[in-house]
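This report concerns only the one structure given below.
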Amino acid sequence: MRRRGTWFQNKDFWRTVHPILFRQRRWEMATEDVNNIISLLKFKRGAKILDLCCGVGRHSLEFARRGYLVTGVDLTAMYLREARRKAKHEGLAIDFFQQDMRRFRRTNTFDAVINLNTSFGYFKTQRDDVRVAEHMYAALKKGGFFVIDLMGKEVLARIFRPRDWYELEGTIVMEERTPSNDWSTLENRWIILKGNRRKEFTFKIRFYSAAELCALLKQAGFRKSAVYGDLAGAPYDSKATRLIVVARK
Ligand SMILES: C[S@@+](CC[C@H](N)C(=O)[O-])C[C@H]1O[C@@H](n2cnc3c(N)ncnc32)[C@H](O)[C@@H]1O
């Protein structure tokens with residue numbers, strides 16, 4: 001694959017993985033996620049929420065339907081076009097911005113920032129992850145929450161499979177995973193086959209343990225973090241399926 005810029009700036013990557021990331025079941029899951037976030041944060045209607053890395057707006061739209069004031073930020077223009085189209089179709093007023101999450105800055109604006117579905121840890125240096133967290137700290141009102149949902153390092157190590165393949169509506173996806181830098185990062189190689197077309201992408205994501213992510217958030221200014229094993233608030237134990245950190249300003 002010829003690549004210009006970094007993997008997450010590659011439009012062809014996001015275009016190709018769209019049917020995988022945003023299939024119908026994922027939209028249904030977003031409704032459950034929003035129910036869970038509202039009860040986890042005891043979040044009141046009318047509150048202001050930032051969906052950081054909002055993609056096609058699965059969660060932004062659902063929050064807006066329920067009377068929250070939503071801003072969505074994402075780097076991928078085609079995802080934002082879809083999100084805006086859907087919002088318009090439903091008559092929902094959502095502010096969508098096309099921006100790199102490192103550059104989006106506000107001050108004392110939001111009651112909550114959500115960053116869902118492993119949309120953190122994309123940058124070459126960890127300093128950039130810290131920068132994003134610092135900006136989110138500034139963007140929150142005092143008492144506001146930053147919710148991060150990742151595949152935690154402990155979960156990944158427990159269920160680790162170096163290779164997987166699966167078929168989704170006629171597309172075959174083959175994934176190869178290699179831990180690197182002493183399990184700080186995961187190198188991914190995805191081969192995607194549809195008809196007689198074959199695409200191959202490689203990308204690297206930084207992985208966090210619960211303690212590492214809490215330490216990063218503390219460094220960014222957050223005074224307290226709570227850790228869960230899913231968005232319903234299960235404990236982060238040996239049965240956890242995700243790493244959810246809710247940090248409070
Ligand atoms: C795994 S998807 C998750 C999307 C959404 N949160 C969801 O759960 O449906 C990751 C998203 O991050 C966006 N993204 C990648 N790099 C980004 C960056 N540097 N700044 C902002 N958004 C970025 C991608 O365009 C994509 O929509």
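Every number for a ligand or one of its atoms is a count from 1 in the order of the listing.
Ligand 1 lies out of reach of R102, whose nearest heavy atom is not under 4.0 Å from it. Taking 4.0 Å as the cut-off, F123 counts as a neighbour of ligand 1 on heavy-atom distance. In this structure, H59 counts as a contact residue of ligand 1, since one of its heavy atoms falls inside 4.0 Å of the ligand.
Using a cutoff of 4.0 Å between basic side-chain nitrogens and carboxylate oxygens, E134 and K218 are not scored as salt-bridged. For D111 and K141, the salt-bridge test passes: some basic side-chain N is under 4.0 Å from an acidic carboxylate O. With salt bridges taken as basic N to acidic carboxylate O contacts below 4.0 Å, none links E82 and R84. One finds no salt bridge joining E175 and R189 here, because no Lys/Arg side-chain nitrogen approaches an Asp/Glu carboxylate oxygen to under 4.0 Å.
Closest to atom 20 (N) of ligand 1 among all protein heavy atoms lies M101 N, 2.7 Å. Scanning the protein heavy atoms around atom 5 (C) of ligand 1, the nearest turns out to be C53 O, 3.2 Å. From the protein, the heavy atom lying nearest to atom 3 (C) of ligand 1 is S119 OG, 3.4 Å.
For atom 10 (C) of ligand 1, the choice among Y122, F8, F120 with the nearest heavy atom turns out to be Y122. Heavy-atom proximity to atom 19 (N) of ligand 1, evaluated over I114, N117, D100, is greatest for D100. With atom 17 (C) of ligand 1 as the reference point, the heavy atom nearest to it among L75, N115, V73 is part of L75. Ranked by closest heavy atom to atom 13 (C) of ligand 1, the top entry among T76, D51, L52, D74 is D74.
Between F203 and Y122, a ring centre-to-centre spacing not shorter than 6.0 Å is recorded.
The aromatic rings of F104 and F97 sit tilted, their planes meeting at an angle between 30° and 60°. Ring geometry for F120 versus Y208: interplanar angle of 30 to 60°, hence tilted.
Heavy-atom contacts of Q99 reach the following atoms of ligand 1: 20 (N), 21 (C) (cutoff under 4.0 Å). Close approach of ligand 1 to C54 (heavy-atom distance below 4.0 Å) involves ligand atoms 5 (C).
Residues R102 and V132 approach most closely at CG-CG2, 3.8 Å, considering heavy atoms.
At a heavy-atom distance under 4.0 Å, only side-chain atoms of R58, from C-beta outward, approach ligand 1.
Taking the centre and axis of the six-membered ring of Y137, the NZ or CZ atom of K249 falls inside the cone set by 45° and 6.0 Å.
The shortest N/O to N/O separation between F22 and ligand 1 does not fall below 3.5 Å.
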